[in-house]
Amino acid sequence: MSMPLPIRAKLTIWYITLLAASLIIFGSIVYVALLKNITSSIDKRLTSLAEIVSKAVFKPGTAQLPKDFDSMLEHFFGIRTAGNFIQVMDKYGRITFTSSTLGQNHIPLSSATFHHAATGTLSYETVAEIGRYPARVITYPLMEKGQLIGILQVGAPMQESAAVINALFYILILGIPLAVTLASGIGWFLAKKALRPVDEITRTAKKIEAGSLNERLKVAGPKDEIGRLAETFNDMIARLELSFKQMKQFTADASHELKTPLTVLKGEMEIALKTEKTVEGLRNILQSSLEEIDKMNAIVKSLLDLARIDSRIKLAKDKVKLDEIIEERFNQTMPLARYKGVDMKIIKNEKVIIFGDMLRIGQLIFNLIDNSIKYTVKGGRIEISLEHEDGWAIITVLDTGIGIAKEDIPYIFDRFYRIDKARTSASVGGEGGVGLGLSICKEIVDAHEGRIEVRSEVGKGSTFKVYLPITNKTDELLGELGFG
Ligand SMILES: Nc1ncnc2c1ncn2[C@@H]1O[C@H](COP(=O)(O)OP(=O)(O)OP(=O)(O)O)[C@@H](O)[C@H]1O
Ligand SMILES: [Mg+2]
């Protein structure tokens, strides 16, 4: 198994590869251009010198040069042969004159060049060595009436230009690897610097576990990509921390709630085993045990409901006819209200359709009506209504019951929160609930992107209002389905 290359190495490799490639291309271009430039300027000089020498000095019919030709040139024409080589040959290629600058040497003449000259063509070439340095040479045919009468060769040692070219060559050969090495070091360092926050995120993330969700990344840097990453990461941890806390709290509350009926159940059974002998007495105890079991049943059912809504397991998206659901739940709870001696009625029921989970919304309405009946004493009144306004479906459940104190209102939607159990049981005849009803309502409303509001006054009554959105999507879908 091969380890994937770290980003840092990848970045550096890319960087130096590109740098080396561009340096090599650039260097080669400079090298070739310089070489061309130098030879072409030498060639120009040699050509004009060859022309002058041929036109000015030669007499027609001869290809001879006077002995003191070098000094003549300089004297009469101001042409400095100094440094340049001049060599003259007859039409057979035999040397007839060499300038003093050539000393013991002579300019070589290849057969190809000779053939060129014979047809009247100029040749430029670089010959390997005349004396100690390579030389640039022009071979210039001397023609008369279309006939070759001799060959003039003019050359220049490339001593200086060769030095320049060589120097450039070595600068490039040594300089490019050096620059690349240096740059790769810097690139490696920069990549490390740029990626350090990522390392930090990794390290912190490794440290964070269920128990240490309070840890956060330091977001000191600018709000660049990595800064945003760190922030997003922190937000995520914050959310995790919150839900983790809620979960813990919930578990604690739930076990506490379940413990009470279990303790009662256990106590009753122990008494039954030890003391109770009559069938009647045992029956009573069984009866009250059943009540405890019912209580636990209710708690477990509510917990399951909550867990389902929490995990958002398939919140159905049905076409929900709210007015029908209200009707249905009203009829279902009517016997309860009648039994309590509470006057319950629907005062308004507009036709409203929303998209949502029919069962959940039914449960929401039931919980609200259930509370109203539970917390309203005999002779009280309950009014239920449904209307729509500005894209919202508004369900109202009003009662003239015992009401809720201001300081309790913020908590009634919390799980297992119940106001003063004694008050509830005393005033409403022991219909103690679990304290989950309203929190289930809240979850359902949230899942439907709606909101729930409550207004209440102790001794006067309470009004719960639920707002559920009638979205554009609802209208569109309704149109599609032919309900427009
Ligand atoms: N209509 C109401 N009038 C007065 N008090 C209310 C009303 N509705 C809710 N409350 C108060 O808010 C508390 C929380 O309500 P919630 O429905 O969550 O729990 P519960 O009714 O006690 O139990 P559960 O609904 O789980 O059986 C109740 O205990 C009650 O004190
Ligand atoms: Mg309730």
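Whatever order the structure lists ligands and atoms in, that order sets their numbers, starting from 1. Heavy-atom basis, side chains included; hydrogens, waters and symmetry copies ignored. Quick note: residue numbers are just sequence positions, from 1.
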* Asked: Should the proximity of D408 to ligand 1, defined as any heavy atom under 4.0 Å, be assigned to the side chain, the backbone, both, or neither?
  ->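 Neither; no heavy atom under 4.0 Å.
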* Contact check: N371 vs ligand 1, nitrogen or oxygen atoms, below 3.5 angstrom -> yes
* Should L436 be counted as touching ligand 1, given the test is an N or O pair under 3.5 Å? -> yes
Got a second to check how far [X]'s [atom1] is from [Y]'s [atom2], nearest 0.5 Å?
{"X": "Y375", "Y": "I402", "atom1": "OH", "atom2": "CD1", "answer": "7.5 Å"}
{"X": "I24", "Y": "I176", "atom1": "CD1", "atom2": "CD1", "answer": "5.5 Å"}
{"X": "E327", "Y": "I384", "atom1": "CD", "atom2": "CD1", "answer": "10.0 Å"}

* Begin with the C-alpha distance, continue with both residues' side-chain angles, and end with the deciding distance and a verdict on side-chain hydrogen bond (donor to acceptor under 3.5 Å, both in side chains) for R136 and T126. => CA-CA 4 Å; R136 189 72 183 164; T126 304; 2.6 Å; yes
* To do: Any chance you could lay out the salt bridge (charged side-chain N to carboxylate O under 4.0 Å, His left out) test for R455 and E453, step after step, and finish with the verdict?
  => CA-CA 7 Å; R455 274 219 309 261; E453 289 174 1; over 6 Å; no
Per-atom contacts of ligand 1 with [X], taking only distances under 4.0 Å to non-hydrogen atoms:
{"X": "I412", "value": "12 (O), 14 (C), 18 (O)"}
{"X": "S462", "value": "2 (C), 3 (N), 4 (C)"}
{"X": "G437", "value": "16 (P), 17 (O), 18 (O), 24 (P), 25 (O), 26 (O)"}

* Identify which of Y417, Y375, F366 has a heavy atom lying nearest to atom 22 (O) of ligand 1. => Y375
* Asked: Taking only residues two or more places apart in sequence or in another chain, which ones pass salt bridge (Lys or Arg N to Asp or Glu O under 4.0 Å) with E449?
  -> none
* Asked: Thinking salt bridges, do K348 and E387 make one under a 4.0 Å N-O criterion?
  ->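 Between E387 and K348 there is a salt bridge, with a charged N closer than 4.0 Å to a carboxylate O.
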Looking at ligand 1, is there an atom of it that comes within less than 4.0 Å of some heavy atom belonging to [X]?
{"X": "G435", "answer": "yes"}
{"X": "F464", "answer": "yes"}
{"X": "I404", "answer": "yes"}

* Identify the heavy atoms of S385 and I347 that sit nearest to each other, and give their distance. =>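 It is CB-CG1, 3.8 Å.
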* Taking all heavy atoms of I299 and all of L436, pick out the closest pair and write down the distance. =>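 Of all heavy-atom pairs spanning I299 and L436, the closest is O-CD1, 4.2 Å.
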* Asked: Which residues and atoms, counting only protein N, O or S, are under 2.8 Å from the Mg ion (ligand 2)?
  -> N371 OD1
* To do: Just say parallel, tilted or perpendicular for the rings of Y417 and Y411, cut-offs at 30° and 60°.
  => tilted
* Would you say N349's side chain and D323's backbone share a donor-acceptor pair under 3.5 angstrom? ->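 Checking the backbone N and O of D323 against the side chain of N349, a donor-acceptor pair under 3.5 Å is found.
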